[in-house]
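Predicted, not measured: the structure shown is a model, and the values here were computed from it.
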Amino acid sequence: MHWLFLLIGFALLVLSFLTTNSVVMVLCWLVALVLFGLWLAAMYSARVTSQERDVSMMIDPAELRRLREEAEARKAAASQDTPD
């Protein structure tokens with residue numbers, strides 16, 4: 001969606017260069033500037049949203065404690081199995 005802002009902004013810039021009326025030219029420049037700003041804001045928002053963590057994938061403290069105990073048990077079993 002945010003790419004439409006960029007495309008329409010470039011179209012308005014082309015229109016402003018082709019027109020002979022100065023009021024239309026200035027109006028096209030202002031609208032194109034606003035559209036470029038909207039494009040930057042929407043692109044930044046999409047990038048931030050895509051890098052957001054999924055809350056459902058977070059581990060609660062009880063699960064983390066259980067995983068640590070399992071890792072310690074595996075480490076202790078591995079150290080007992082290997083002769084020195």
Work out which heavy atom in L12 is nearest to a heavy atom in V31; give both atom names and the distance. CD1-CG1, 3.3 Å
Scanning both residues in full, the closest heavy-atom pair of L35 with G9 reads CD1-N, 3.9 Å
How long is the gap from [atom1] on [X] to [atom2] on [Y], to the nearest 0.5 Å?
X: L27; Y: N21; atom1: CG; atom2: CG; result: 10.0 Å
X: S45; Y: L40; atom1: OG; atom2: CG; result: 12.5 Å
X: M25; Y: T20; atom1: CE; atom2: OG1; result: 10.0 Å
X: L38; Y: L4; atom1: CG; atom2: CG; result: 12.0 Å
X: D60; Y: R65; atom1: CG; atom2: CZ; result: 9.0 Å

Salt bridge E63-R66, side-chain N to carboxylate O under 4.0 Å: yes
Consider only side-chain heavy atoms of I, L, V, M, F, W and Y, link residues closer than 4.5 Å, and tell whether [X] and [Y] are in one cluster.
X: F36; Y: Y44; answer: no
X: V34; Y: W39; answer: yes
X: L18; Y: I8; answer: no

Taking S16's backbone N and O only, do any of them form a donor-acceptor pair with T19's side chain (distance below 3.5 Å, no angle check)? no
Aromatic rings F17 and W29: how do their planes relate, parallel, tilted or perpendicular, breaks at 30° and 60°? perpendicular
Ring centres under 6.0 angstrom apart (F5, F10): no
